[in-house]
Structure formats: structure tokens, C-alpha cells
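Only one structure is covered here, and it is reproduced in the block below.
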Amino acid sequence: MKVYPLLFLLLSIINVKAQQLTETTTIIAYPNASLPIQKANNNLDVVAFNNQFYLAFRTAPSHFASKKTRLVVLRTSNLKDYTIDTTLSIGNDIREPRFCVNGDSLFLYFFEGGSKKFKFEPKKVWALVKTSSSAWTAPIDQNLDGYVPWRVRNMNSTFYLSAYYGVNLYNKAHHSDLRLFTSENGLQWKPLSDLAQCQLDFAEEGEFIADTKGELWGTIRFEGYGGALFHAEKNNWAHWAFYRTDYKYDSALLFNVGDDTYLIARRNLDGKANRFKSRNRNLIRYSFTRKCTSLYKINKENKSIDLVLDFPSTGDNAYAGIVQTGANEFAVFNYSSDPKHPKNWIRGQLGKTNIYMHRLKF
């Protein structure tokens, strides 16, 4: 008699997951005669603006820095037929494209890196702006040299930018400074507070979102040392409470479904990211293990991050974008090596990566 309730529970879980992930479509694949893309297509964002959807992504010879990198922006009205809206190259690497809408204006942020293949060299943060009646501006310097933008959100008519100081991130000279900046116009920024929201060593990729109660939730990765969930009370967003974990949530994206908050991030299939006392050993091991892109739910009572499902993905993957397409329906974009051919992360970083769209229904 005990077998049947257990079997029913397992079937129920499988059924719930099947209802949530309803479709996966390849959007960008190399080679492509109609698009100016290279082998590695990654680091993306997507947004709805002026009855269109915009998709921005990085295209380069590999995951690693290159002066051949281009930023490509596509637009579509139906998430099926895409046309080129603009492309950009600056003679250095381009990463972390981030959209933000403010009324009749669409902002696109990114940072300029270096050109040395295995160096992480954040230089400048730039922004492009367009309206429904005007083309994109030339890149506008945001005067945030050395910072890496992670998320830009417009909340209550104020822009909030999460950014971390990325200079010397992979050596002992790194000075950790992960903080929120605010702006009234999306182009001139000031720190939310004098002190950084997180000064813990090697903190980066500070993802954040406000829930329906006005409380701030977010995740941080500590390169080589796992990650953290953080929480800030309503009207006190400058002060974060941290809940550390040995697991790392790369390429984090948060979104709300009603009162619930979900996370999409890269998951290490080999378990903990923080396994050794040596940061370098953690980093090397992490490169040679397999990853996938996963959906999690934030457990606000237990202050934990609970796995929900895995998207079809392998090799080099994650960095998701999301747009709502209906009542509790979403289109999720991510990049990945071909899921039909499983491989570890470093092999994926050196090879081809495509952009996929997944339909989620809650």
C-alpha cells in the first residue's frame, strides 16, 4: 500500500514539470547565412518594447575575450521571425548586454572588456538609447570605469543598476565592491549608499528584484567560493542580509510570478562549487565539470534556493533573458552548447554555442 502514494507523488512531480516547460526552440545557430554571427553566441538579454521584442546577444570566436566580438540586436513581433535592428563592434570585447525600458525610451547597457583571450579586463560601461520614433544613439559613457553591470531595473520610475568592480577579479589585488547605483534618467548614476552593499571577497553578479511586498531579494556568486542569497527589507534596500551557500548560481536571472520569486541560473552537475580551501583548485575543477541551465524557486521562509527543473542544456550555457507572453506564461532565452552532445564547461567555452527559447507555463 505504501508504494502507491509514493508512485503518485513521483508522477505528480513529473507532470508539474512537464506543464511548466512546454517547448524548446533553437533561435540562433552557427552557421547562419542571414545573420552576422560567429561560433560563440552568448551573453544575452530580451525585452518587450513598443509592441516588439528585442533580443541582444554577444557573438565572438569563443566564450573568451576577443577584439572580433560584436553585439547584435534583433527584433521580432512574434518570437519567430527576427530582423537585425543594429550591430556594434568597438575593437574590444563586449559583454553583459542589459535592456531597460523607461516610458517611450529603450536603454541598452553593456561593458567593454579587453582583447586578450584569457584575461578579464573590464574597462567602461556604455549605454545606447532609442525611442519608438528614433534610432539608437551612439554609445554613451556611463562613467563607471572598471565596473561590470549585472542587472538594470526600472522600479517606481527610478533606475537601479547592480554592478561589481571587476578589475583584478582573478588575483589577490582585487577590491570587492558590489553595489546598487541609482539614476533618474538612466544615464547619470550615483551609489545608493556610501558603503557597498557587499564587500565580501570576490563577490560578483549581484542579481536583484523587488517582490510584491517591496522587499528586495537577490543572489551573489563568489568566484571560486560558492554563492549567497540576500534579502533587504522594504525601504531599506541598502542593507543586505546574506545567506551563504557552497553552491554557485552563475548567470543569475530573477523574476516574479505573483507573490513567488524564481531564479534561472547555471547549475554545476558535479555539486558544490566550494569544495576545496584553495580558490584556484575550485576554479579548475569547476571548468572541467558539466553544467546545465536550471529553474529554481526562492524559499523566502527558509532563505534557501530550491531546484525546480533543468532546461535542455550542456557545455557552456545559461545567461538567461525572459519576457512574459501571457497569463503566467513566459518565453525564456538562454545560450548553450548543443544539448544533444553533452560536454563539460571548458569544452563548451571553446566550441559552438547557440541561443534557445523555452516556453514556461505556471
Nearest 0.5 Å please: distance from the [atom1] atom of [X] over to the [atom2] atom of [Y].
X	Y	atom1	atom2	value
F99	D45	CZ	CG	6.0 Å
W240	E233	CH2	CD	14.5 Å
L35	Y82	CG	OH	11.0 Å
L309	L295	CG	CG	4.5 Å
L216	N235	CG	CG	11.5 Å
L71	N43	CG	CG	10.0 Å

Ring pair (Phe, Tyr, Trp, His ring centres under 6.0 Å) partner of H358, chosen from Y335, F311, F333
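Among the candidates, only F311 passes.
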Out of curiosity, does [Y] fall in the hydrophobic cluster containing [X] (side-chain heavy atoms, cut-off under 4.5 Å, transitive links)?
X	Y	answer
W217	V257	no
L161	F111	yes
W126	V129	no
Y225	F230	yes
I220	L200	yes

What's the shortest heavy-atom distance between [X] and [Y], and which atoms?
X	Y	result
P312	L21	CD-CD2, 3.9 Å
P122	V148	CB-CG2, 3.7 Å
D316	Q349	CB-N, 3.6 Å
G114	A65	O-CB, 4.0 Å
S162	L178	OG-CD2, 4.3 Å
L254	E207	N-OE2, 2.7 Å

Of all pairs that satisfy salt bridge (charged side-chain N to carboxylate O under 4.0 Å, His left out), the ones with a partner from residues 218-229, not counting sequence neighbours:
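Matches after skipping sequence neighbours: E204-R221, E205-R221, R221-E223, R221-D250, E223-K248.
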Quick test of your reading: applying salt bridge (charged side-chain N to carboxylate O under 4.0 Å, His left out), list the pairs with at least one residue in residues 188-198, sequence neighbours left out, ordered by first then second residue.
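Output for this query is empty, none listed.
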[X] side-chain N/O to [Y] backbone N/O, donor-acceptor pair under 3.5 Å:
X	Y	value
T182	L192	no
S294	D310	no
S313	T293	yes
K123	E121	no
T314	P339	no
Q197	L180	yes
H174	V167	yes
N168	N171	no
R244	G226	no
N282	R275	yes

Would you sort out whether N334 and I264 count as a side-chain contact (heavy atoms from CB on, under 4.5 Å), showing the intermediate values?
CA-CA 10 Å; N334 77 312; I264 300 174; over 6 Å; no
Run I305 and I298 through side-chain contact (heavy atoms from CB on, under 4.5 Å) and show every step you take.
CA-CA 5 Å; I305 300 173; I298 304 300; 4.0 Å; yes
side-chain contact (heavy atoms from CB on, under 4.5 Å) evaluation trace for T212 with N256:
CA-CA 8 Å; T212 55; N256 293 324; 5.7 Å; no
With sequence neighbours left out, write down each residue that passes side-chain hydrogen bond (donor to acceptor under 3.5 Å, both in side chains) with [X], or none if nothing qualifies.
X	answer
N42	R58
K300	D211, T261
Q188	N185

Salt bridge (Lys or Arg N to Asp or Glu O under 4.0 Å) assessment of D338 paired with K352:
CA-CA 8 Å; D338 187 346; K352 298 178 184 179; over 6 Å; no
Is the shortest side-chain heavy-atom distance between C198 and F242 below 4.5 Å?
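C198 reaches F242 side chain to side chain.
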Crowding at [atom1], [X] (>12 non-hydrogen neighbours, <6.0 Å):
X	atom1	value
K343	NZ	yes
D259	CG	no
N51	CG	no

Verdict with supporting geometry, T76 and L55, side-chain contact (heavy atoms from CB on, under 4.5 Å)
CA-CA 8 Å; T76 175; L55 169 66; over 6 Å; no
Could you go through the salt bridge (Lys or Arg N to Asp or Glu O under 4.0 Å) check for R279 and D201 one step at a time?
CA-CA 11 Å; R279 179 171 180 252; D201 288 345; over 6 Å; no
side-chain contact (heavy atoms from CB on, under 4.5 Å) partners of [X], counting only residues at least two apart:
X	answer
K67	S115
S304	N299, N302, D306
A48	F53
F49	Y54, V101, L106

Can you run down the ring-ring contact (aromatic ring centres under 6.0 Å, His included) pairs that involve residues 143-169, sequence neighbours left out, and say none if there aren't any?
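ring-ring contact (aromatic ring centres under 6.0 Å, His included) check on residues 143-169 returns F107-F159, Y147-Y165, Y147-F181, W150-Y319, Y160-W237.
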Listed once per pair and sorted, the ring-ring contact (aromatic ring centres under 6.0 Å, His included) pairs that draw on residues 246-298, sequence neighbours left out:
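The answer is Y249-Y296, F255-Y262, F255-F330, Y262-F362, Y286-W345.
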Polar contact flag, side-chain donor to acceptor under 3.5 angstrom, T22-R359
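No - no donor-acceptor pair under 3.5 Å links their side chains.
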Among residues two or more places apart or on two chains, list those pairs meeting side chain to side chain donor-acceptor pair (under 3.5 Å) that have a residue in residues 29-39.
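Passing the test, one end in residues 29-39: N32-S34.
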